[in-house]
Peer 1: 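Supplied in structure tokens, the structure appears directly below.
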Amino acid sequence: MAREKFQTLTEPMFYILLCLREECCGADVMARVSALTHGRVSVGPGTLYNLLDSFQQAGMIRETAVAGRKRSYLITDKGRETLEAEYRRLLVLTEDYKACLGEEDLS
């Protein structure tokens with residue numbers, strides 16, 4: 001069975017949505033993702049603009065301004081819900097990891 005699009009987020013998807021809690025343009029998103037992750041995650045323009053288009057079509061972000069080629073975006077309620085769901089999913093994974101380590105420590 002194919003997984004539903006955006007059921008789980010890749011790291012670039014997660015960080016793009018996280019950055020768009022504040023209005024910003026694509027270049028700002030790329031810089032913020034890199035700064036937030038201390039360079040661990042980098043998002044190139046091809047990936048970024050493909051994801052921005054997909055997020056916009058899915059109603060997860062909205063375009064807020066256009067100045068020439070520069071476009072700014074902001075997360076929507078649907079995008080916030082998706083981001084929150086991914087955050088909760090990651091917490092479950094880390095709790096499972098901790099529980100598994102705890103069992104090993106007991107043996």
Peer 1: Using a 3.5 Å cut-off and no angle test, enumerate the donor-acceptor pairs between side-chain atoms of residues 44-52 and protein atoms at least two apart in sequence or in another chain.
Peer 2:
none

Peer 1: List the atom pairs, with distances to 0.1 Å, where a side-chain N or O of residues 61-69 and a protein N or O form a donor-acceptor pair under 3.5 Å, not counting sequence neighbours.
Peer 2:
| residue | atom | partner | partner atom | Å |
| --- | --- | --- | --- | --- |
| Glu63 | OE1 | Arg71 | NH1 | 3.4 |
| Glu63 | OE2 | Arg71 | NH1 | 3.0 |
| Thr64 | OG1 | Glu23 | OE2 | 2.4 |
| Thr64 | OG1 | Ser72 | O | 3.2 |

Peer 1: How long is the span from the CD atom in Glu86 to the OG1 atom in Thr10, to the nearest 0.5 Å?
Peer 2: 8.5 Å
Peer 1: Hydrophobic clustering (ILVMFWY, side-chain heavy atoms < 4.5 Å, transitive) - are Leu91 and Leu9 grouped together?
Peer 2: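 Cluster IDs for Leu9 and Leu91 differ.
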Peer 1: Side-chain contact, heavy-atom cut-off 4.5 Å: Leu20 with Leu74?
Peer 2: no
Peer 1: What about Tyr97 and Tyr87, same hydrophobic cluster or not, with Ile/Leu/Val/Met/Phe/Trp/Tyr joined at side-chain heavy-atom distances under 4.5 Å?
Peer 2: no
Peer 1: Is there a side chain to side chain contact (heavy atoms under 4.5 Å, CB included) between Met13 and Phe55? Walk through the geometry before answering.
Peer 2: CA-CA 9 Å; Met13 290 174 175; Phe55 286 151; 3.8 Å; yes
Peer 1: Is the closest basic N to carboxylate O distance between Glu84 and Arg88 below 4.0 Å?
Peer 2: yes
Peer 1: Any side-chain heavy-atom pair from Cys19 and Val33 closer than 4.5 angstrom?
Peer 2: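 Counting from C-beta outward, Cys19 and Val33 do come under 4.5 Å.
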Peer 1: Can you measure from CD1 (Ile16) to CD1 (Ile75) and round to the nearest 0.5 angstrom?
Peer 2: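 Between Ile16 CD1 and Ile75 CD1, I get 11.0 Å after rounding to 0.5 Å.
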Peer 1: Are Val41 and Leu36 connected in a single hydrophobic cluster, I mean Ile/Leu/Val/Met/Phe/Trp/Tyr linked by side-chain heavy atoms less than 4.5 Å apart?
Peer 2: yes
Peer 1: Is there side-chain contact between Arg80 and Met60, with at least one heavy-atom pair below 4.5 Å?
Peer 2: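 The answer is no; the side chains never approach within 4.5 Å.
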Peer 1: Closest heavy-atom contact between Gly59 and Thr76?
Peer 2: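 Heavy-atom minimum between the residues: O-OG1, 2.6 Å.
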Peer 1: Do Asp96 and Val92 make a side-chain contact, defined as non-hydrogen atoms from C-beta onward lying under 4.5 Å apart?
Peer 2: yes
Peer 1: Quick check: does any side chain N or O of Arg21 sit under 3.5 Å from a backbone N or O of Leu18, one acting as donor and the other as acceptor?
Peer 2: yes
Peer 1: Measuring from atom CD of Glu95 to atom SG of Cys100, what distance do you get when rounded to the nearest 0.5 angstrom?
Peer 2: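 It is 13.0 Å, given to the nearest 0.5 Å.
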Peer 1: Taking NZ, NE, NH1 and NH2 as the nitrogens, is one of them in Glu81 or Lys78 under 4.0 Å from a carboxylate oxygen of the other?
Peer 2: no
